[in-house]
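Here the structure is laid out as structure tokens; the discussion comes afterwards.
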Amino acid sequence: MEVFAVTIFVSLMFAVLFAALYLAERTQQRRGSIEQDALLPLDDTGRVPAAIATPSSSHDQHLRH
């Protein structure tokens, strides 16, 4: 019976930890994440942020080497 009590206690601690981390993530100020940056090429708005825009000449030189 002690195994069930320990299992339930650990499960509740994990649930509290995950809920706290989720709420902390939701309350943080919005900033770009790796996932959002990875999806930028699929953005339909037509604008490209300056951080990922590369001059075509440097891109062409890279392809030639």
Side-chain angles (χ1 to χ4, degrees):
M1 288 308 256
E2 289 183 22
V3 173
F4 292 123
V6 171
T7 303
I8 290 172
F9 176 74
V10 171
S11 298
L12 288 175
M13 290 298 108
F14 276 127
V16 169
L17 174 69
F18 292 142
L21 291 174
Y22 174 77
L23 291 174
E25 177 69 24
R26 295 290 294 166
T27 58
Q28 280 185 353
Q29 196 172 25
R30 288 286 166 212
R31 53 191 155 115
S33 67
I34 293 173
E35 293 85 6
Q36 288 175 331
D37 292 342
L39 293 173
L40 282 176
L42 302 175
D43 191 11
D44 287 339
T45 59
R47 61 183 178 90
V48 177
I52 63 169
T54 59
S56 61
S57 61
S58 67
H59 181 69
D60 292 339
Q61 289 174 358
H62 177 70
L63 291 176
R64 290 181 193 149
H65 289 120

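Nothing fancy with the numbering, it's 1 onward along the sequence.
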Show the atom names and distances, to 0.1 Å, of all donor-acceptor pairs under 3.5 Å that link a side chain in residues 6-15 to residues at least two apart or in another chain.
residue : atom : partner : partner atom : Å
T7      : OG1  : V3      : O            : 2.7
S11     : OG   : T7      : O            : 2.8

| Value rounded to 0.5 Å, distance of CG in L23 from OG1 in T27 | 7.0 Å
| query | Is Y22 close to E25 at the side-chain level, that is, under 4.5 Å between some pair of heavy atoms? | reply | no
